[in-house]
Amino acid sequence: MNQQELIKKISHKFQLADRNPSGMSASGSLSGEKIFSKHSPINGERLADIEVANKDAYNKLIEEAQQAYVIWSAMPAPQRGEIIRQIGEAFREDKEDLGALISIETGKLLQEGLGEAQEIIDICDFAVGLSRQLYGLTMHSERPDHRMYEQYHPLGVIGIISAFNFPAAVWSWNAIIAAVCGNVSIWKPSEKAPLSAIACQYIVSKVLKKNNLPSGIFTLYHGGAEQGSWLAEDERIALVSATGSVAMGKKVNQVVAGRLGKVLLELGGNNAIIVTENANIEMAVRAIIFGAVGTAGQRCTTTRRLIVHETIYNAIVEKLKHLYGQLVVGNPLEKGVLVGPLIDNSAVELYEQRIKIALAEGAVLLAGGKRLKPVGLDGGTYVMPTLLEAQPSLPSLQEETFAPILYVSKYSGSVDVAIQLNNNVRQGLSSAIFTNDMQQMERFLSNRGSDCGIANVNIGTSGAEIGGAFGGEKETGGGRESGSDSWKAYMRRQTNTINYGATLPLAQGIKFDL
Ligand code: NAD
């Protein structure tokens with residue numbers, strides 16, 4: 001099936017409204033005033049025209065969400081879990097088409113698009129289990145005939161702002177976990193990836209309708225920074241979960257803090273792999289390649305810096321140069337292709353600018369460095385994965401450029417030197433070490449080790465499982481989403497003390513006799 005046939009099939013499947021004669025077109029969930037076009041990064045083809053929400057439509061959605069909250073939050077959590085189970089089943093049925101849509105819309109490999117759809121299914125399964133495990137603690141009271149415990153209640157309406165590079169999975173981390181906790185959500189996806197959002201909305205809406213539940217439990221509207229900022233300003237939004245660049249997170253954080261609201265921030269990364277003299281080099285090189293060029297370098301966990309011990313530096317660099325020369329860049333829907341396009345032309349410009357700056361700062365080009373025009377893909381936004389040799393002090397090493405640019409640096413001495421280089425950036429999302437030395441490994445994982453939210457051993461920086469809490473420190477924003485006890489971010493904790501005696505003793509033995 002060629003791309004156009006695939007688009008036609010998917011458009012029909014997700015009932016993407018047909019206002020665009022050239023193929024897939026979508027109106028989103030409400031009528032707005034402005035229109036923007038979404039093009040595929042694969043070949044530049046216009047996929048859809050999207051309506052941007054206006055303030056009236058937004059307000060109407062919030063009111064619907066508030067009404068839905070009354071019904072949804074009153075349902076027992078295991079009953080909500082049953083609805084989430086059905087949502088997971090619905091995503092299972094549509095996995096192939098959703099995966100293909102994610103790939104067409106973002107340019108990630110078809111395998112990765114399918115993986116993202118699978119991640120939503122995994123999150124639903126996880127949330128079903130959670131629906132019977134939203135536990136609080138009980139504690140012993142210091143007062144006789146008293147009982148004390150904590151319980152968790154939902155927050156209300158959750159606002160979700162998402163980035164283009166995970167246009168569906170990040171929504172599910174937030175919306176599905178928030179929902180099982182009893183919240184409803186309103187989603188403003190990236191203006192660079194609106195179609196996967198419409199498909200997700202279509203899938204959940206089917207399940208809500210079948211169960212006679214209000215559509216306001218999961219809501220969607222479109223737009224860019226301006227429309228996203230409405231969630232930050234809005235006192236009706238109990239928690240704003242924002243995924244994207246550090247610059248965006250700083251703005252959202254300030255606005256939400258101004259009204260003392262809650263935020264959950266998942267921002268940029270600048271992730272390094274350390275390869276020590278005791279590493280399995282073959283394994284390390286495979287992980288480096290996947291981490292650096294997978295998703296064309298457009299993951300928050302992409303490997304951007306490589307810190308290699310001087311004794312194995314030349315061996316690693318030679319292997320990488322050889323493999324970079326063999327990488328197939330092209331149509332991500334085709335087998336054998338390992339690197340798809342960047343999201344749009346402005347991303348290509350940022351890639352070109354950053355390489356120019358890094359070279360001017362003294363970096364040395366080892367591989368790549370240029371825009372590419374694969375045959376038959378005119379209009380696509382392709383670049384060559386790029387390898388740069390860099391002194392650890394290179395200013396560009398501080399910046400996250402959302403493209404496949406990997407800086408390789410040499411270190412000498414102990415693993416502590418490498419750890420210091422790993423930590424010497426403003427961001428703190430993911431990190432990894434390749435070593436077979438137990439002391440080096442434990443040092444990296446200790447409190448004097450990596451300062452990142454994710455620290456892996458003999459695994460690259462990207463490709464996290466949903467079961468763990470995902471997120472990072474420093475400018476990455478400190479949020480945790482997905483597995484473990486991340487659900488607590490979507491609930492308010494209440495401490496309850498019950499006196500079942502006939503007297504009124506005070507805490508700390510205070511006497512207050514009338
Ligand atoms: P971006 O910051 O340009 O946009 C992200 C979202 O924020 C979009 O929906 C956008 O419309 C919205 N937005 C922008 N300015 C806003 C404002 N002032 N108020 C409210 N909303 C606003 O990011 P992007 O280019 O879509 O994505 C790439 C970035 O996202 C990278 O930095 C990447 O590392 C990061 N990211 C982080 C994670 C994580 O979990 N830590 C996951 C995915 C992506």
Side-chain angles (χ1 to χ4, degrees), residues 36 38 41 50 52-53 58 105-108 112 116 119 159-174 186-194 196-197 220-234 237 240-256 258 261 263-271 295-304 342-344 346-347 349-351 399-403 425-430 452-454 461-464 466 468-483 486 489:
F36 69 93
K38 165 65 193 165
I50 305 291
V52 175
Y58 166 83
E105 161 155 281
T106 63
K108 61 174 73 175
E112 294 183 279
E116 181 158 354
E119 203 166 328
I160 302 168
I161 297 169
S162 60
F164 78 84
N165 64 327
F166 278 91
V170 164
W171 160 78
S172 74
W173 293 0
N174 287 283
I186 176 158
W187 181 18
K188 208 295 290 165
S190 167
E191 59 276 36
K192 297 177 198 167
S196 309
L220 169 72
Y221 73 102
H222 295 287
E226 184 195 338
Q227 288 72 22
S229 71
W230 296 343
L231 291 172
E233 290 156 6
D234 195 336
I237 305 295
V240 179
S241 175
T243 303
S245 57
V246 171
M248 178 279 292
K250 283 183 176 170
K251 284 184 197 149
V252 167
N253 196 28
Q254 270 186 6
V255 176
V256 181
V263 283
L264 204 175
L265 298 174
E266 294 285 357
L267 310 175
N270 189 356
N271 320 293
T295 329
Q298 298 172 112
R299 285 189 185 215
C300 50
T301 51
T302 290
T303 309
R304 309 206 177 275
L342 294 184
I343 188 70
D344 56 18
S346 67
E349 279 163 22
L350 288 174
Y351 160 91
E399 308 301 327
E400 179 201 46
T401 305
F402 224 50
V425 290
R426 295 188 307 274
Q427 310 84 346
L429 181 52
S430 188
C452 296
I454 297 168
T461 55
S462 66
I466 64 110
F470 182 93
E473 303 301 330
K474 304 194 288 186
E475 281 197 354
T476 302
R480 290 297 183 276
E481 288 177 2
S482 185
S486 305

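Both ligands and their constituent atoms are indexed starting at 1 by order of listing. All values below come from the heavy atoms of this structure, side chains included, with hydrogens, waters and symmetry mates left out.
Smallest separation of non-hydrogen atoms from Val425 and Lys474: O-NZ, 2.7 Å. The nearest pair of heavy atoms linking Leu350 to Thr401 is O-CG2, 4.0 Å. When all heavy atoms are compared, the tightest approach of Thr302 to Gln298 is OG1-N, 3.7 Å. Pairing each heavy atom of Val52 with each of Phe36, the nearest pair is CG2-CD2, 3.4 Å.
Counting protein heavy atoms only, atom 36 (N) of ligand 1 is closest to Cys300 CB, 3.6 Å. At the top of the distance list for atom 18 (N) of ligand 1, counting protein heavy atoms only, stands Lys251 CD, 3.7 Å. In terms of protein heavy atoms, atom 17 (C) of ligand 1 is closest to Ala225 O, 3.9 Å. Protein heavy atom at the shortest distance from atom 35 (C) of ligand 1 is Gly244 O, 3.2 Å. Ranking protein heavy atoms by distance to atom 28 (C) of ligand 1, first place goes to Phe402 CE2, 3.6 Å. Closest to atom 24 (P) of ligand 1 among all protein heavy atoms lies Phe164 CD2, 3.8 Å.
The environment of CD in Glu233 is crowded: more than 12 heavy-atom neighbours from other residues, nucleotides or ligands sit within 6.0 Å.
For the side-chain hydrogen bond (donor to acceptor under 3.5 Å, both in side chains) test with Asn174, the passing option among Ser241, Ser486, Ser482 is Ser241; the others fail.
At a threshold of 4.5 Å between non-hydrogen side-chain atoms, the residues Ser430 and Cys452 do not count as touching. Between Arg426 and Asn270 the shortest side-chain heavy-atom distance does not fall below 4.5 Å. In this structure, Glu475 and Leu267 have side chains that are not in contact, with every pair of non-hydrogen atoms separated by 4.5 Å or more. Within the 4.5 Å cutoff, the side chain of Thr106 has heavy atoms near those of the Pro167 side chain. Side chains of Pro41 and Phe164 form no contact here, defined as non-hydrogen atoms less than 4.5 Å apart. Taking the side chain as every heavy atom from C-beta outward, Asn165 and Phe402 approach each other to under 4.5 Å.
The shortest N/O to N/O separation between Thr243 and ligand 1 does not fall below 3.5 Å. For ligand 1, the polar-atom distance check finds no N/O of Ala163 at less than 3.5 Å from any of the ligand's N/O atoms. Checked by distance only, ligand 1 and Ser245 come closer than 3.5 Å through their nitrogen or oxygen atoms.
Under 4.0 angstrom from ligand 1, the non-hydrogen atoms of Glu191 all belong to its side chain. With a 4.0 Å cut-off on non-hydrogen atoms, Ile161 touches ligand 1 through its side chain and not its backbone. When heavy-atom distances to ligand 1 are checked against a 4.0 Å cut-off, Glu266 comes that close through both its backbone and its side chain. When heavy-atom distances to ligand 1 are checked against a 4.0 Å cut-off, Val252 comes that close only through its side chain, counted from C-beta outward. By the criterion of a heavy-atom distance under 4.0 Å, the side chain of Lys192, and not its backbone, is placed next to ligand 1. Within the 4.0 Å heavy-atom criterion, neither part of Val255 lies near ligand 1.
Using a non-hydrogen distance threshold of 4.0 Å, Val170 does not register as a contact of ligand 1. Ligand 1 lies nowhere less than 4.0 angstrom from a heavy atom belonging to Phe166. Residue contact check for ligand 1: Gly472 places no non-hydrogen atom closer than 4.0 Å to it. Residue contacts with ligand 1 include Ser162, since one of its heavy atoms falls under 4.0 Å from the ligand.
Taking a cut-off of under 4.0 Å to the non-hydrogen atoms of Phe470, the atoms of ligand 1 that pass are 39 (C), 40 (O). Close approach of ligand 1 to Asn165 is summarised as follows: ligand atoms under 4.0 Å from at least one heavy atom of the residue are 43 (C), 44 (C). Proximity to Pro189 (heavy-atom distance under 4.0 Å) selects the following atoms of ligand 1: 9 (O). In summary, the atoms of ligand 1 found under 4.0 Å from a heavy atom of Leu267, numbered by their order in the structure, are 37 (C), 39 (C), 41 (N). Against a heavy-atom cut-off of under 4.0 Å, Gly224 is close to the following atoms of ligand 1: 11 (O). Distances below 4.0 Å separate heavy atoms of Gly269 from the following atoms of ligand 1: 34 (O). Annotation for ligand 1: atoms under 4.0 Å from non-hydrogen atoms of Ser229 are 19 (N), 20 (C). The contact set between ligand 1 and Gly228, taken as ligand atoms under 4.0 Å from a residue heavy atom, comprises 20 (C), 21 (N).
Of the listed options His222, Met248, Glu400, Lys250, Met248 places a heavy atom closest to atom 14 (C) of ligand 1.
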Does the side chain to side chain contact (heavy atoms under 4.5 Å, CB included) test come out yes or no for Arg299 and Glu112, once each step is laid out? CA-CA 11 Å; Arg299 285 189 185 215; Glu112 294 183 279; 3.1 Å; yes
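Atom-to-atom distance recorded for Ser162:OG and Glu266:CD is 12.5 Å, nearest 0.5 angstrom.
The aromatic rings of Tyr58 and Tyr221 lie perpendicular to each other, with more than 60° between the two planes, well past the 30° mark.
Counting only N and O atoms by type, the side chains of Thr303 and Thr461 include a donor and acceptor under 3.5 Å apart.
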